[in-house]
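Note on naming: letters A, B, ... go to the chains in the order of the sequence lines (proteins, then strands), and numbering restarts at 1 for each one. As the structure is a prediction and not an experimental result, all values here were calculated from the model.
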Number of protein chains: 2
Amino acid sequence: MIHQRECPIETVIHVLGGKWKPTILWNLVESTKRYSDLEKLIPDVSQKMLTQHLRDLEHEGVIQRTVYPTVPPKVEYSLSEYGRTLVPVAEMMCAWGEKHNERKQKEPAS
Amino acid sequence: MIHQRECPIETVIHVLGGKWKPTILWNLVESTKRYSDLEKLIPDVSQKMLTQHLRDLEHEGVIQRTVYPTVPPKVEYSLSEYGRTLVPVAEMMCAWGEKHNERKQKEPAS
DNA sequence: CAGTATCCCAATCGATACTG
DNA sequence: CAGTATCGATTGGGATACTG
């Protein structure tokens with residue numbers, strides 16, 4: 001992947017743009033969650049995508065991964081302080097998205 | 001494509017998430033542009049993608065397409081009033097994206 | 001001028017099976 | 001419990017050629 005991002009909007013889309021990334025984010029806003037919690041909270045996500053998205057978000061510094069070296073293993077995911085700076089952006093996107101969805105329902109023709 | 005959008009963030013990503021869509025949007029914020037203007041302003045976009053993205057944005061109601069039935073044809077694209085409601089959202093995304101890009105440059109390690 | 005049409009490659013995502 | 005590995009289907013995007 002080329003890491004010249006002319007447009008910073010693409011950066012946000014890159015960070016948030018994965019099928020389950022927004023959902024993961026919302027779930028971690030409330031509180032820290034274990035891997036298995038996220039699996040239950042997001043029933044339709046495959047293990048592959050959940051793991052991949054968690055790794056991506058971790059790499060971007062948005063979430064933190066904490067491993068407890070116990071048997072069986074315990075891994076917790078939480079929003080980092082930095083990740084919380086993304087929340088207002090996500091909320092603004094969410095607000096526009098909601099209005100847009102309503103609008104599209106009202107005018108199927110145009 | 002399934003049009004159930006559980007998360008409205010995905011809606012925004014769907015509207016703005018195409019390789020050249022943000023760029024197209026920025027170019028239309030200033031003023032109305034002709035198809036050929038956009039081709040010149042965005043040299044790396046292929047005709048296929050430019051046309052496709054313009055159609056997408058038009059379908060979402062973000063831009064307006066005006067055809068002048070002259071020979072040769074003249075087609076103008078402009079941001080709709082509705083499309084302008086998306087600009088503040090895009091700007092907020094842009095601001096976060098810029099900071100994020102700076103951050104990533106500063107800490108290549110972690 | 002403003003597009004279409006076609007072919008092809010790369011990335012994304014899902015399903016399934018397996019493991020420290 | 002928390003993953004990894006592999007395969008295959010779908011989608012996004014680029015290159016080229018052609019048209020009302």
Scan residues 68-80 of chain A against DNA chain D and write down, sorted by residue number, each residue with any heavy atom closer than 4.0 Å; if none is found, say none. A:P72, A:P73, A:K74, A:V75, A:Y77
Derivation and outcome, side-chain contact (heavy atoms from CB on, under 4.5 Å), residues A:L16 and A:M93: CA-CA 11 Å; A:L16 240 39; A:M93 291 171 68; 4.0 Å; yes
Sequence neighbours excluded, every pair satisfying side chain to side chain donor-acceptor pair (under 3.5 Å) that has a member inside residues 83-98 of chain A: A:T85-B:W96, A:W96-B:T85
Has [X] got a side-chain N or O lying under 4.0 Å from the OP1 or OP2 atom of [N]?
{"X": "B:R65", "N": "C:dG3", "result": "yes"}
{"X": "B:H53", "N": "D:dG12", "result": "no"}
{"X": "B:R55", "N": "C:dT4", "result": "yes"}
{"X": "B:S36", "N": "C:dA2", "result": "yes"}

What's the [atom1]-[atom2] distance between [X] and [N], to the nearest Å?
{"X": "B:D37", "N": "C:dC1", "atom1": "CG", "atom2": "C1'", "answer": "11 Å"}
{"X": "A:L50", "N": "D:dT4", "atom1": "CG", "atom2": "P", "answer": "11 Å"}
{"X": "A:L54", "N": "D:dC1", "atom1": "CG", "atom2": "P", "answer": "17 Å"}
{"X": "A:I24", "N": "C:dC13", "atom1": "CD1", "atom2": "P", "answer": "11 Å"}
{"X": "A:I63", "N": "D:dA2", "atom1": "CD1", "atom2": "C1'", "answer": "14 Å"}
{"X": "B:I42", "N": "D:dG13", "atom1": "CD1", "atom2": "C1'", "answer": "15 Å"}
{"X": "B:D56", "N": "D:dT11", "atom1": "CG", "atom2": "C1'", "answer": "13 Å"}
{"X": "B:K33", "N": "C:dC1", "atom1": "NZ", "atom2": "P", "answer": "17 Å"}

Under 3.5 Å donor-acceptor pairs involving side-chain atoms of residues 50-57 of chain A, not counting sequence neighbours:
residue, atom, partner, partner atom, Å
A:T51, OG1, A:Y35, OH, 3.1
A:T51, OG1, A:Q47, O, 2.9
A:R55, NH1, A:Y77, OH, 3.3
A:D56, OD2, A:K21, NZ, 3.3

Determine yes or no for a side-chain-to-main-chain donor-acceptor pair under 3.5 angstrom, with A:S80 supplying the side chain and A:G61 the backbone. yes
DNA chain D: 5'-proximal contact among A:R34 and B:Q52 (nearest heavy atom): A:R34
Nucleotide N/O of nucleotides 14-17 of chain C paired with protein N/O under 3.5 Å:
residue, atom, partner, partner atom, Å
C:dG14, OP1, A:K19, NZ, 2.6
C:dG14, OP2, A:W20, NE1, 3.4
C:dG14, N7, A:K48, NZ, 3.4
C:dG14, O6, A:K48, NZ, 2.2

Run the side-chain contact (heavy atoms from CB on, under 4.5 Å) test on A:E60 and B:H100 for me, step by step, so that the C-alpha distance in whole Å, both residues' side-chain angles and the decisive distance to 0.1 Å come before the verdict. CA-CA 8 Å; A:E60 301 297 339; B:H100 188 67; 2.7 Å; yes
Go through B:C7 and A:W20 one step at a time and tell me if the side-chain contact (heavy atoms from CB on, under 4.5 Å) criterion holds. CA-CA 9 Å; B:C7 179; A:W20 307 99; over 6 Å; no
Dot-bracket, DNA chain D: Watson-Crick or G-U, under 3.5 angstrom, [ ] crossing, | other strand? ||||||||||||||||||||
Would you indicate whether the side-chain heavy atoms of B:R34 and B:V75 approach each other to under 4.5 Å? no
Please name the residue in the list B:I24, B:L28, B:L86 that meets the side chain to side chain contact (heavy atoms under 4.5 Å, CB included) test with B:V62. B:L86
Trace of the side-chain contact (heavy atoms from CB on, under 4.5 Å) decision for A:V87 with A:L79: CA-CA 10 Å; A:V87 173; A:L79 221 58; 3.8 Å; yes
Is the shortest side-chain N to carboxylate O distance from A:R65 to A:E76 below 4.0 Å? no
Counting only heavy atoms not in B:E81, do more than 12 sit closer than 6.0 Å to its CD atom? no
Partners of B:E58 by salt bridge (Lys or Arg N to Asp or Glu O under 4.0 Å), sequence neighbours excluded? none
